[in-house]
Amino acid sequence: QPWDNHDEILEHRKLGEKTDGAIAAFMSDLKMRGLWDETLMMWGGEFGRGVVGQGEWNTLEAGRDHHPRCYSVWMAGAGVKGGHVHGETDDFSYNIVKDPMHVRDWSATVLRLLGIDHEKLTVKHDGTNRRLTDVHGEVVEEVLK
C-alpha cells in the first residue's frame with residue numbers, strides 16, 4: 001500500500017488499521033519487559049496533509065496534498081509526558097495558532113530524551129563544528145515528564 005498517495009485518501013485508514021495493532025503490541029511488550037522507560041517511540045511522516053482536496057472531491061477517489069506548515073508526530077515512552085498534546089492549528093489546519101514547535105526544537109527535545117545535550121553535539125562541516133540544532137534549538141520541556 002502506498003503511504004504517499006494523493007488520491008483515495010480513505011485507503012490511509014486501512015494503513016492505520018494495519019499498524020495500530022502492531023504498535024499497541026510493541027508498547028505492551030516493552031512495558032511487560034520493563035523497557036518502556038528507556039525506549040523512545042516516535043511516529044511521523046514527511047509532511048502533514050492539508051484540508052484542501054485533490055481530484056473529484058465528492059468521490060471515493062478524492063485525496064489531499066502535502067502541507068508543510070503543520071504536521072503531527074507522536075512520541076511515547078522514555079521520558080515523554082503521556083497524553084500531552086503540544087501545539088494547535090487554526091480551524092482549517094493551515095497555520096499554527098498555539099505552541100509552535102520548530103524542527104530544531106523537536107530535534108533538541110528528542111536528543112535530550114536520548115541523553116544527548118544538543119548544544120554539545122557537533123559535526124565538522126566545511127572546517128567548522130556545527131550543531132544539528134544550529135543556534136536556535138531549544139528543548140520543549142512541556143512534552144517531558
Side-chain angles (χ1 to χ4, degrees), residues 1-55 57 59-125 129-145:
Q1 291 282 341
W3 282 90
D4 186 27
N5 58 353
H6 291 252
D7 55 4
E8 298 182 13
I9 200 68
L10 295 178
E11 292 296 312
H12 281 263
R13 177 176 289 169
K14 293 177 186 175
L15 296 172
E17 290 170 353
K18 286 181 178 181
T19 59
D20 283 351
I23 292 168
F26 185 51
M27 288 176 159
S28 295
D29 189 59
L30 289 171
K31 290 175 183 177
M32 180 183 70
R33 295 171 188 270
L35 298 171
W36 180 250
D37 291 332
E38 61 188 67
T39 304
L40 177 62
M41 293 185 71
M42 299 185 294
W43 188 267
E46 60 177 334
F47 288 103
R49 290 285 181 169
V51 296
V52 177
Q54 286 183 294
W57 189 240
T59 69
L60 293 176
E61 288 77 35
R64 295 186 305 174
D65 198 3
H66 293 296
H67 183 56
R69 288 182 188 226
C70 307
Y71 58 93
S72 298
V73 173
W74 65 255
M75 300 189 300
V80 175
K81 189 184 299 178
H84 177 76
V85 176
H86 191 85
E88 184 178 320
T89 65
D90 59 23
D91 290 340
F92 300 102
S93 301
Y94 189 74
N95 283 312
I96 301 167
V97 295
K98 181 180 174 189
D99 297 329
M101 184 185 298
H102 192 278
V103 69
R104 290 181 182 122
D105 299 332
W106 181 76
S107 295
T109 306
V110 168
L111 289 169
R112 162 80 68 82
L113 289 165
L114 296 175
I116 300 170
D117 183 342
H118 76 100
E119 292 182 343
K120 294 181 180 174
L121 177 65
T122 61
V123 176
K124 196 159 211 92
H125 179 72
N129 286 332
R130 300 192 185 268
R131 287 180 17 203
L132 174 66
T133 54
D134 198 23
V135 296
H136 306 288
E138 298 290 332
V139 173
V140 180
E141 301 287 342
E142 293 86 358
V143 303
L144 307 177
K145 285 184 185 175

Atom pair OH/CE of Y71 and M101 - distance to nearest 0.5 Å
8.5 Å
Side-chain contact, heavy-atom cut-off 4.5 Å: H86 with W106?
no
At their closest point, which heavy atom of G137 faces which heavy atom of A108, and how far apart are they?
C-CB, 4.3 Å
Heavy-atom side-chain proximity of L132 to H118 below 4.5 angstrom:
no
Rounded to the nearest 0.5 Å, the CD1 atom of I96 sits from the CD atom of E88 at a distance of 11.0 Å
Mind listing the closest non-hydrogen atom pair of S93 and C70 along with its distance?
O-SG, 4.0 Å
Spacing of M41 atom CE and W74 atom CH2 [to the nearest 0.5 Å]:
4.0 Å
Drop me the distance from M32's CE to M27's CE, to the nearest 0.5 angstrom.
15.0 Å
Minimum heavy-atom separation for T109 to V143, with atom names?
CG2-CG2, 3.5 Å
Tell me whether the count of non-hydrogen atoms from other residues, nucleotides or ligands lying under 6.0 Å of CG in D91 goes above 12.
no
Salt bridge (charged side-chain N to carboxylate O under 4.0 Å, His left out) pairs touching residues 130-145, sequence neighbours excluded, are D37-K145, R104-D134, R112-E141
Check: H102 side chain, H136 main-chain N or O, donor-acceptor pair, under 3.5 Å
no
Within residues 24-36 or reaching into it, pairs that qualify as salt bridge (charged side-chain N to carboxylate O under 4.0 Å, His left out) - sequence neighbours excluded:
D29-R33
Quick one: does any side-chain atom of S107 pair with a main-chain N or O of T133 as donor and acceptor, under 3.5 Å?
no
Backbone N or O of W36 within a donor-acceptor pair of the T39 side chain at under 3.5 Å?
no
